[in-house]
Amino acid sequence: MNSKGRILIVDDEDRFRASLKRILEKFGFDVVTVADGMAALHVLERGEVDVVLLDSNMPNLPGEDVFTIIRKHGIAVEIILLTGFPVIENALKMMRNGVFDYLTKPVSIKQLLSVIELAVENKRIRNWDTGAVDILNCNVD
């Protein structure tokens, strides 16, 4: 069976990561999990990930900082920020800065799956568009 997309779960809560991994794998996603932002950055350096589910409130390197580093380095990935402590101002700021979505824990599986599927599709369209532009540029020369 082909994967519906590769998802990186970044959350410091072990049970949450493990439960979400099982659920997403059941729905056909390839899932990698890590407990902190630094580990997430290492995974993103090494391989192709479509979507990052990123906890906003983690010790040492909060999700917002991880997001900033990802964007600064131009890593092509969609980011869904998850928080147990929603603050409207933070949500608006993060959405303006390019977070694909900002969800509040607990989140329904139905809602999360819907957002993940849209994010994977968006990533693939963006990559296809970039590839098409590269092909067209090569043909013009």
Side-chain angles (χ1 to χ4, degrees), residues 2-141:
N2 288 337
S3 171
K4 292 172 81 176
R6 184 163 184 164
I7 313 301
L8 172 60
I9 300 171
V10 186
D11 198 296
D12 58 329
E13 296 177 38
D14 295 337
R15 288 181 55 200
F16 180 79
R17 275 193 328 272
S19 296
L20 192 52
K21 177 179 168 88
R22 274 193 307 276
I23 291 166
L24 294 178
E25 286 176 340
K26 178 182 170 188
F27 283 93
F29 293 97
D30 180 21
V31 181
V32 176
T33 67
V34 295
D36 62 64
M38 288 305 295
L41 295 171
H42 290 299
V43 168
L44 290 169
E45 286 175 358
R46 288 192 321 254
E48 183 68 26
V49 173
D50 296 306
V51 175
V52 177
L53 298 178
L54 182 59
D55 184 18
S56 65
N57 299 308
M58 294 183 293
N60 302 324
L61 191 59
E64 287 86 357
D65 293 346
V66 175
F67 168 77
T68 301
I69 294 167
I70 290 170
R71 286 300 181 245
K72 182 179 177 183
H73 287 105
I75 300 169
V77 65
E78 295 296 346
I79 299 173
I80 299 169
L81 208 59
L82 300 171
T83 184
F85 308 99
V87 176
I88 280 291
E89 293 81 17
N90 289 352
L92 292 173
K93 178 181 122 190
M94 297 308 292
M95 295 294 286
R96 277 192 304 269
N97 289 332
V99 166
F100 186 81
D101 211 333
Y102 190 96
L103 302 175
T104 302
K105 293 179 189 176
V107 60
S108 76
I109 295 304
K110 182 178 178 180
Q111 178 187 17
L112 185 59
L113 286 170
S114 176
V115 172
I116 290 171
E117 288 171 354
L118 287 171
V120 168
E121 182 179 332
N122 193 60
K123 162 109 183 324
R124 290 180 176 168
I125 288 170
R126 228 174 355 124
N127 283 353
W128 182 85
D129 285 347
T130 302
V133 168
D134 290 343
I135 291 168
L136 290 174
N137 285 336
C138 287
N139 290 332
V140 171
D141 294 338

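Source: prediction; values computed, not measured. One-based numbering along the sequence shown.
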Chemist: Checking side chain to side chain contact (heavy atoms under 4.5 Å, CB included) for the pair Val32/Arg46: CA distance, chi angles, key distance, verdict?
Modeler: CA-CA 12 Å; Val32 176; Arg46 288 192 321 254; over 6 Å; no
Chemist: In plain terms, say whether Glu48 and Lys123 are close enough for a salt bridge, that is, a side-chain N and a carboxylate O under 4.0 Å apart.
Modeler: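 Yes, this pair counts.
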Chemist: For the atom pair CD1 (Ile70) and CG (Asp65), what is the distance rounded to the nearest 0.5 Å?
Modeler: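 Going from CD1 on Ile70 over to CG on Asp65, the span is 11.0 Å.
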Chemist: Without swapping roles, check the side chain of Ser19 against the backbone of Arg15 for a donor-acceptor pair under 3.5 Å.
Modeler: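 Confirmed, Ser19 side chain pairs with Arg15 backbone.
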Chemist: Could you walk me through whether Glu64 and Leu81 pass side chain to side chain contact (heavy atoms under 4.5 Å, CB included), step by step?
Modeler: CA-CA 8 Å; Glu64 287 86 357; Leu81 208 59; 4.1 Å; yes
Chemist: Would Glu13 and Arg17 pass as an ion pair if we require N to O under 4.0 Å?
Modeler: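 Result for this pair is no, no salt bridge flagged.
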Chemist: Got Leu112 and Leu20 here, is their nearest side-chain heavy-atom distance under 4.5 Å?
Modeler: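 In short, these two side chains touch, coming nearer than 4.5 Å.
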Chemist: Is the shortest heavy-atom distance from the side chain of Leu53 to the side chain of Leu24 under 4.5 Å?
Modeler: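 Touching, per the 4.5 Å side-chain cut-off.
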Chemist: Give me the one residue out of Asp50, Asp101, Ile7 that meets side-chain contact (heavy atoms from CB on, under 4.5 Å) with Ile116.
Modeler: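 Testing Ile116 for a side-chain contact (heavy atoms from CB on, under 4.5 Å) against Asp50, Asp101, Ile7 leaves exactly one candidate, Ile7.
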Chemist: Do Leu82 and Phe16 come within less than 4.5 Å of each other through their side chains, counting heavy atoms only?
Modeler: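 Answer yes - side chains close enough.
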Chemist: Between Ala40 and Val10, which heavy-atom pair has the shortest distance, and what is it?
Modeler: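 Scanning both residues, the minimum pair turns out to be CB-CG2, 3.5 Å.
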Chemist: Do Glu25 and Lys21 have side chains that approach each other closer than 4.5 Å (heavy atoms only, starting at C-beta)?
Modeler: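 Sidechains of Lys21 and Glu25: in contact.
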Chemist: Out of Thr104, Asn57, Asp55, Asn90, which residue meets the side-chain hydrogen bond (donor to acceptor under 3.5 Å, both in side chains) rule with Thr83?
Modeler: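 Going through Thr104, Asn57, Asp55, Asn90 one by one, the side-chain hydrogen bond (donor to acceptor under 3.5 Å, both in side chains) with Thr83 is satisfied by Asn57 alone.
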Chemist: Restricting to non-hydrogen atoms, name the atom on Ile109 and the atom on Phe27 that form the minimum distance, rounded to 0.1 Å.
Modeler: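 Distance-wise, the nearest heavy atoms are CG2-CE1, 4.5 Å.
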Chemist: Could you state the interatomic distance from CD1 (Ile23) to CG (Leu113), rounded to the nearest 0.5 Å?
Modeler: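 Those atoms lie 8.0 Å apart.
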Chemist: Of all heavy-atom pairs between Met95 and Tyr102, which one has the smallest distance, and what is that distance?
Modeler: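 Taking every non-hydrogen atom into account, SD-N, 3.9 Å.
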Chemist: Do Glu78 and Arg126 sit within salt-bridge range, that is, some charged N less than 4.0 Å from a carboxylate O?
Modeler: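 Salt bridge present between Glu78 and Arg126.
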Chemist: Please report the closest heavy-atom contact between Glu117 and Phe29, naming both atoms and the distance.
Modeler: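 Residues Glu117 and Phe29, closest heavy atoms: CG-CZ, 3.9 Å.
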Chemist: Can you give me the closest heavy-atom contact between Ala39 and Val34, atom names plus distance?
Modeler: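 Closest approach of Ala39 to Val34, heavy atoms only: CB-CB, 3.7 Å.
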Chemist: If you define the side chain from C-beta out and look only at heavy atoms, does anything of Leu41 sit under 4.5 Å from Val66?
Modeler: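 Contact flag for Leu41/Val66 side chains = yes.
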Chemist: Between CZ of Phe67 and OG of Ser56, what distance do you get to the nearest 0.5 Å?
Modeler: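 With rounding to 0.5 Å, CZ (Phe67) is 12.5 Å from OG (Ser56).
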Chemist: Got Asp12 and Asp36 here, is their nearest side-chain heavy-atom distance under 4.5 Å?
Modeler: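 A side-chain contact under 4.5 Å is absent here.
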Chemist: How far apart are the C-alpha atoms of Ile80 and Leu54, what are their side-chain angles, what is the distance that settles it, and do they pass the side chain to side chain contact (heavy atoms under 4.5 Å, CB included) test?
Modeler: CA-CA 6 Å; Ile80 299 169; Leu54 182 59; over 6 Å; no
Chemist: Are any of the side-chain heavy atoms of Val120 and Asn122 separated by less than 4.5 Å?
Modeler: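 No, their side chains stay 4.5 Å or more apart.
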Chemist: Would you say Val52 and Leu44 make side-chain contact, with heavy atoms under 4.5 Å?
Modeler: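 Yes. Closest side-chain heavy atoms under 4.5 Å.
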